[in-house]
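Order of listing sets the numbers, starting from 1, for every ligand and every atom in it. For this chain, numbers begin at 1 and follow the sequence in order. Computation of the quantities below employed the complete heavy-atom set of this structure, encompassing side-chain atoms and omitting hydrogens, waters and symmetry-equivalent molecules.
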Amino acid sequence: MIAAAVGLSHSPLIGKNDPAPGVIAAVDAAMHEVRAFVSAFHPDLVVLYAPDHYNGFFYKEMPPFCLATEANAVGDFGSAAGPLSVDTDAARAIALGVLERGVDLTISARMTVDHGFVQPLEVLFGGIDRVPVVPVFVNGVATPLGPISRIRALGTAIGEAAAELDRRVLFVGSGGLSHDPPVPVLDGAPPRVADALIEGRPPTPEQRARGEQRVVQAGRDYAAGSTAMIPINPTWDNLVLDTLAGGRLDDVDSWSVEWMGAEGGGSAHEVRTWIAAFASLATIGEYRMTSRFYQAIPEWIAGFAAATAAATSLPEAAR
Ligand SMILES: O=C(O)CCC(=O)/C=C/C=C(\O)C(=O)O
Ligand SMILES: [Fe+2]
């Protein structure tokens with residue numbers, strides 16, 4: 001296997017509640033750099049780790065992680081809807097390889113995904129059907145959340161299983177870093193909300209539009225400084241990036257669920273997707289972080305980051 005990795009924040013507020021033009025220009029330049037990296041690497045398989053925001057996974061059955069052999073996007077927040085170009089054979093082979101390595105992976109033969117999966121495919125490849133992909137859901141919001149060491153174990157097992165395919169594999173982690181957007185919480189939820197989080201009945205278009213407008217308004221209030229959501233934490237975000245850049249993946253095993261939430265907010269656990277992606281890359285040996293962008297963007301309620309990494313053994317031209 002030839003491998004590389006990308007970590008990329010997502011936000012449903014991109015294009016709906018944008019920051020100052022200078023910030024947009026900096027993000028655009030960073031995205032340009034990430035796309036150039038991906039284009040030069042030219043993956044023939046993408047393993048995409050992403051969370052869900054109660055569009056595909058509900059408390060009726062909530063796995064810590066799940067690999068899809070087929071997937072459909074709901075089209076939330078204006079993101080693309082429809083089938084993802086899942087490489088079903090590769091997905092099945094990786095799933096088997098992961099189970100053989102002692103990680104109890106859940107499988108979905110028809111996963112429903114949302115903007116967490118779609119945004120990185122749109123940003124990096126221009127659509128959800130452009131590149132063979134293996135989608136891997138990583139729970140980052142629904143408590144109780146398991147230890148980070150299991151996410152690293154998942155990433156390692158997927159990396160080792162993917163290595164047996166002899167492909168050019170790009171591992172992508174979607175989400176984070178520190179952020180506390182208005183994602184509903186089961187604990188203490190009123191019965192109607194609790195029922196929706198457990199059963200997962202698809203919202204009507206009107207209900208979806210109202211929910212999305214609430215998130216947009218929350219972004220406006222957050223940027224104006226008039227909310228109780230916890231602040232973006234650049235110090236913690238840079239600690240996360242430093243840890244991944246330094247290849248110190250063992251360190252994350254001691255990161256407690258509580259500490260991550262306290263430092264990074266309710267959705268800080270989307271960082272699990274980055275940890276999985278970098279753990280997968282690390283299975284082929286030493287890697288180098290080849291680019292790194294970070295900007296706190298309150299308008300998007302995001303410690304917004306993008307990073308690329310490649311095996312040190314990969315020739316410079318292909319990184
Ligand atoms: O309110 C809802 O029902 C959905 C809210 C939602 O989907 C928010 C998503 C936020 C992110 O994906 C993020 O900032 O990472
Ligand atoms: Fe998210």
Where does the angle between the aromatic ring planes of H179 and H10 fall among parallel (under 30°), tilted (30 to 60°) and perpendicular (over 60°)?
perpendicular

Could you tell me how the ring of Y54 sits relative to the ring of Y59: parallel (under 30°), tilted (30 to 60°) or perpendicular (over 60°)?
parallel

Among V46, L48, L124, which residue satisfies the side chain to side chain contact (heavy atoms under 4.5 Å, CB included) criterion with V131?
V46

Between the candidates G211, S9, P184, P12, which shows the shortest non-hydrogen contact distance to atom 3 (O) of ligand 1?
P184

Nearest non-hydrogen protein atom, atom 14 (O) of ligand 1
H179 CD2, 3.1 Å

What class does the angle between the rings of W236 and W255 fall in, given that below 30° is parallel, 30 to 60° is tilted and above 60° is perpendicular?
tilted

For ligand 1, which is the ligand I care about here, please tell me if H115 has any N or O atom under 3.5 Å from one of the ligand's N or O atoms.
yes

Report the protein N/O/S neighbours of the Fe ion (ligand 2) that fall below 2.8 Å; do not count waters.
H10 NE2, H53 NE2, E270 OE2

Within-cut-off N or O pair, W300 and ligand 1, under 3.5 Å
no

Salt bridge check, R168 against D44: does any charged N sit closer than 4.0 Å to a carboxylate O?
no

Hey, could you give me the CD/OG1 distance between E33 and T308, rounded to the nearest 0.5 Å?
6.5 Å

Determine, using heavy atoms of P182 and all atoms of ligand 1, whether some pair is separated by less than 4.0 Å.
yes

Give the atoms of ligand 1, by number and element, whose distance to some non-hydrogen atom of F77 is under 4.0 Å.
7 (O)

Of the side chain and backbone of E270, name the one, both, or neither that has a heavy atom under 4.0 Å from an atom of ligand 1.
side chain

Does the distance from a Lys or Arg side-chain N to an Asp or Glu carboxylate O, for R248 and D242, drop under 4.0 Å?
no

Quick check: does any side chain N or O of R208 sit under 3.5 Å from a backbone N or O of D76, one acting as donor and the other as acceptor?
no

Students should be able to answer this: which protein heavy-atom is nearest to atom 8 (C) of ligand 1, and at what distance?
V183 CG2, 3.8 Å

ring-ring contact (aromatic ring centres under 6.0 Å, His included) between F65 and Y49, intermediate numbers included:
CA-CA 9 Å; F65 32 75; Y49 298 100; 9.5 Å; no

Where the side chain of S11 meets the backbone of W300, is there a donor-acceptor pair that is under 3.5 Å apart?
yes

Starting from atom 7 (O) of ligand 1, which protein heavy atom do you reach first, and at what distance in Å?
H53 CB, 3.4 Å

Check ligand 1 against V215 and write out every atom of the ligand that is under 4.0 Å from a heavy-atom position of the residue.
1 (O), 5 (C)

Counting only heavy atoms not in D187 (residues, nucleotides, ligands), do more than 12 fall under 6.0 Å from its CG?
no

